[in-house]
Amino acid sequence: MFIQNLSLIGFMGSGKSTIGKMLADKLNFLFLDTDKLIEYIQGTTISEIFKQHGENFFREIESKVIKKIYNNKNCVFACGGGVFCTAENIEIIRENSFVVYLHMSEPEAYERLKDVKDRPLLLKEADLKQKIAQMMNVRKDIYKNNCDLEIDINRKSPDLIAQDIIDYLKMH
Ligand code: S3P
C-alpha cells in the first residue's frame, strides 16, 4: 500500500513514540511526536504546561500543532492520547494519514502506567485503575471508529508490533 503519512493513535503508554521511531526507520519517513513538538514550542515539559496553564491551553497548542504538521508528507506521527478527542483534529489526521490504533486492555494499560510521573491527567488519582478504565471507556470507540488499522498490542514487543504494521502495509 502506498501511504503519504502514518499516524499512531491510542491511549497513554501504548508505545506510540517507541513504535513510531521504529516505523519511521523502516519506512524511511521522518518521525514527529506531537508531545515533543509542544514541549519544544513551549520550552517546557507537558507536566509544567498542565500545571501552569491547564488542560485547555495544552489542547489549543496541540490542535495548532496538528494543523501545521499534517501539511507534511512522508512522516510518521505519534499523536498524544487526547488528540483524538477533537473532531477537527480527527478530520485533519484522517484526511492526511493512514491511522493505526494501538489497542491495549485496561490491565495492560495499568501495568504500563502505574509508575509513570509524566502524565498529568493520571497524577494524584486515588484510584488509578478506575481512572484508566473511565478514560479508556470514553476514548476507545473514538480510536476504534477512526482508524484504518487496529493492532492488539497486549504482551507484544514494540519490534513485533512495528513489523506487524509493516507487513500489513506490504500485503495491502
Ligand atoms: C494525554 C496523553 C499524553 C499527553 C498529555 C495528555 C491524554 O500523551 O499528550 O499528557 O490526554 O491522553 P501520550 O499519549 O503520548 O502519553
Side-chain angles (χ1 to χ4, degrees), residues 5-24 30-70 75-90 92-94 97 99-125 127-147 149-154 156 158 161-162 165:
N5 290 309
L6 187 146
S7 300
L8 292 176
I9 64 162
F11 204 68
M12 291 173 265
S14 56
K16 291 164 293 195
S17 304
T18 310
I19 296 162
K21 276 180 210 145
M22 290 174 173
L23 286 175
L30 180 71
F31 174 66
L32 292 173
D33 183 319
T34 59
D35 284 342
K36 289 278 167 279
L37 290 169
I38 294 167
E39 290 186 332
Y40 179 75
I41 290 165
Q42 290 298 115
T44 185
T45 61
I46 301 289
S47 300
E48 275 304 311
I49 299 170
F50 269 75
K51 214 193 275 174
Q52 288 177 15
H53 307 284
E55 181 174 353
N56 288 347
F57 177 83
F58 171 80
R59 297 294 174 206
E60 277 171 27
I61 313 262
E62 189 171 59
S63 292
K64 278 189 193 150
V65 164
I66 297 294
K67 278 204 192 94
K68 282 244 186 282
I69 59 180
Y70 279 87
C75 292
V76 173
F77 300 108
C79 298
V83 160
F84 255 48
C85 300
T86 310
E88 198 185 4
N89 291 349
I90 296 179
I92 294 172
I93 295 170
R94 294 213 66 185
S97 66
V99 181
V100 180
Y101 166 32
L102 303 178
H103 171 264
M104 63 180 164
S105 66
E106 281 169 27
E108 175 92 16
Y110 178 73
E111 274 314 304
R112 288 166 177 244
L113 293 165
K114 62 179 189 234
D115 298 318
V116 297
K117 300 273 177 278
D118 57 353
R119 302 307 203 284
L121 291 177
L122 300 178
L123 282 184
K124 297 190 203 125
E125 284 299 328
D127 190 342
L128 182 62
K129 250 186 208 160
Q130 200 202 322
K131 176 71 181 175
I132 289 173
Q134 179 212 328
M135 286 182 77
M136 283 183 106
N137 207 27
V138 172
R139 291 177 174 186
K140 64 177 191 294
D141 288 345
I142 306 177
Y143 294 140
K144 205 180 179 67
N145 297 335
N146 287 293
C147 68
L149 172 66
E150 177 175 338
I151 299 261
D152 178 1
I153 63 157
N154 294 308
K156 271 195 209 153
I161 298 162
I165 296 169

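In this text, all values refer to a predicted model and were calculated from it rather than measured experimentally. One-based numbering, in listed order, for ligands and for the atoms of each. These values consider heavy atoms only, across backbone and side chains, with no hydrogens, waters or symmetry-generated copies.
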Please tabulate, for the side chains in residues 36-45, all donor-acceptor contacts under 3.5 angstrom to protein atoms that are two or more places apart in sequence or on a different chain.
residue, atom, partner, partner atom, Å
Glu39, OE2, Ile46, N, 3.0
Thr45, OG1, Glu48, N, 3.1

Could you pull out every donor-acceptor pair under 3.5 Å between side chains of residues 15-24 and any protein atom, sequence neighbours left out?
residue, atom, partner, partner atom, Å
Lys16, NZ, Gly10, O, 2.8
Lys16, NZ, Cys79, O, 3.3
Ser17, OG, Asp33, OD2, 2.7

Where the side chain of Tyr143 meets the backbone of Glu150, is there a donor-acceptor pair that is under 3.5 Å apart? no
Look at ligand 1 and say whether Arg139 reaches it with a heavy atom at a distance under 4.0 Å. yes
Non-hydrogen atom of Arg59 closer than 4.0 Å to ligand 1: yes
Near Gly80 (heavy-atom distance under 4.0 Å), the atoms of ligand 1 are 8 (O), 9 (O), 14 (O)
Considering heavy atoms of the protein only, find what lies nearest to atom 16 (O) of ligand 1 and give residue, atom and distance to 0.1 Å. Arg119 NE, 2.5 Å
Atom 14 (O) of ligand 1: nearest protein contact (heavy atom, Å): Lys16 NZ, 2.5 Å
Using modelled atom types only, decide if a donor and an acceptor are shared between the side chain of Arg59 and the backbone of Cys85 within a distance under 3.5 Å. no
For ligand 1, is any non-hydrogen atom under 4.0 Å from Val83's backbone (N, CA, C, O), its side chain (CB onward), both, or neither? neither
Looking at Arg112 and Glu108, is any side-chain nitrogen of the basic one under 4.0 Å from a carboxylate oxygen of the acidic one? yes
For Arg139 and Phe11, indicate whether the former's side chain and the latter's backbone hold a donor-acceptor pair under 3.5 Å. no
Which residue supplies the protein heavy atom nearest to atom 10 (O) of ligand 1, what is that atom called, and how far is it? Pro120 CD, 3.7 Å
Considering non-hydrogen atoms of the protein only, which is the closest contact for atom 15 (O) of ligand 1, and what is the distance? Asp35 OD2, 3.1 Å
